[in-house]
Amino acid sequence: MSNQTHSSSGNFNQLAAEQKETAMLSMLEKAHSGLGWVNQLFAKIGASIAWVLVALMVASILLQVFFRYILNDALPWPEEVARALMIWMMALVAASAYRSGSFVAIEMLHDYLPNKVRHFLKLILAVIAMLILYRLTQLGIDFFERGFRTRAASFHLSRAWIYLAMPVCFGSMFVVSLELVLAEFLGLFNRGPNSVKDDAC
């Protein structure tokens, strides 16, 4: 009778532990899905704005070419405006590129690893990247605040609004890194998507 009671107690504890694990993984899946929605929305908005910035950048460069080589009277501001537009364009699409795996990567070893080992290795790398991006976001915010002390050389605008691209870039990549960390952690339990690349496309 005692052994039967002990066995029933053990089964109950095991069932309770499994239910807790399932509930935790379900919560993480919801968090991952929420982050995916946020990152995908930012990617779409960022890409739309980036196209406008590219068009404005090309227009400012062509305007300078016209004034410098046709009218022989170069304008003082197009180069600096084009540079600022290029910085912001990059800042708005960097997170999307990171999320879709478009950055340069060495995957020679990755393809030959067992599934769980691959997820564990990618989880470690994603955590390291997340910590670095968190620190870069902090530095970007500090750089933005210090930018109010100076103004652009050729037009009347505080450099802070140009430097704001840094925390936007690193902050959005940090949020993507959170999604990637959750994706790889869930992958260890054969839960969640194998990759966020499909969602990013």
Side-chain angles (χ1 to χ4, degrees), residues 30-68 74-105 122-123 125-184 195-201:
K30 289 179 180 179
H32 175 265
S33 178
L35 285 171
W37 183 85
V38 170
N39 288 327
Q40 196 167 4
L41 178 64
F42 182 84
K44 289 180 179 179
I45 295 173
S48 299
I49 298 175
W51 278 113
V52 175
L53 298 182
V54 169
L56 292 174
M57 180 177 67
V58 172
S60 66
I61 292 172
L62 291 177
L63 180 66
Q64 180 70 320
V65 169
F66 176 77
F67 270 82
R68 174 171 290 172
L75 298 172
W77 53 266
E79 287 94 343
E80 193 167 14
V81 167
R83 185 165 58 248
L85 292 170
M86 182 178 65
I87 292 170
W88 265 103
M89 180 270 295
M90 179 276 300
L92 292 171
V93 299
S96 178
Y98 179 37
R99 186 171 185 258
S100 62
S102 299
F103 290 161
V104 176
K122 291 176 73 175
L123 174 62
L125 294 175
V127 169
I128 293 172
M130 181 182 68
L131 295 175
I132 293 173
L133 287 168
Y134 177 75
R135 180 56 181 157
L136 288 174
T137 303
Q138 288 182 318
L139 293 174
I141 292 172
D142 180 62
F143 213 68
F144 164 68
E145 292 173 346
R146 286 191 284 121
F148 284 106
R149 302 172 189 170
T150 59
R151 293 191 174 277
S154 59
F155 53 92
H156 189 71
L157 181 71
S158 173
R159 288 187 183 274
W161 303 114
I162 301 174
Y163 297 159
L164 181 60
M166 296 174 62
V168 169
C169 175
F170 297 131
S172 59
M173 291 179 69
F174 172 75
V175 177
V176 168
S177 71
L178 289 176
E179 182 189 358
L180 295 176
V181 167
L182 286 177
E184 300 308 331
S195 172
V196 298
K197 291 183 182 180
D198 294 337
D199 293 337
C201 295

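- The distance from atom CE of Met57 to atom CG of Leu62, rounded to the nearest 0.5 Å, is 10.5 Å.
- We find the CG-CG distance between Leu123 and Leu182 to be 9.5 Å, quoted to the nearest 0.5 Å.
- Contact of the Arg159 side chain with the Arg151 side chain is not registered, since no non-hydrogen atoms from C-beta on lie closer than 4.5 Å.
- Of the inter-residue distances, the one linking Asn39 atom CG with Met173 atom CE reads 11.5 Å to the nearest 0.5 angstrom.
- For OH of Tyr134, the number of neighbouring non-hydrogen atoms (other residues, nucleotides, ligands) closer than 6.0 Å is 12 at most.
- When all heavy atoms of Val176 and Ala95 are compared, the pair lying nearest together is CG2-O, 3.8 Å.
- Smallest separation of non-hydrogen atoms from Arg99 and Gly36: NH2-O, 3.5 Å.
- Separating the CG atom in Leu139 from the CE atom in Met166 is a distance of 7.5 Å, to the nearest 0.5 Å.
- Across Val127 and Val181, no two heavy atoms sit closer than the pair N-CG2, 3.9 Å.
- The shortest distance between side-chain heavy atoms of Phe144 and Val168 does not fall below 4.5 Å.
- Between the Ser154 side chain and the Pro78 main chain, no donor and acceptor come within less than 3.5 Å of each other.
- Summarising the geometry, atom CG belonging to Leu125 is positioned 11.0 Å from atom CG belonging to Leu180; distances are rounded to the nearest 0.5 Å.
- Nearest heavy atom pair, residue Val93 against residue Ala50, reads CG1-CB, 3.6 Å.
- By the 4.5 Å heavy-atom criterion applied to side chains, Trp88 and Leu164 are counted as neighbours.
- In this structure a side-chain-to-backbone donor-acceptor pair under 3.5 Å is present from Ser177 to Phe174.
- In this structure, CG on Asp142 lies 12.5 Å from OG1 on Thr137, to the nearest 0.5 angstrom.
- One N or O on the side chain of Glu80 and one on the backbone of Ala153 form a donor-acceptor pair closer than 3.5 Å.
- Taking each heavy atom of Leu53 and Met89 in turn, the nearest pair found is CD1-N, 3.7 Å.
- Here Trp161 and Phe148 bring their ring centres to under 6.0 angstrom of each other.
- The nearest pair of heavy atoms linking Pro167 to Gly140 is CD-O, 3.5 Å.
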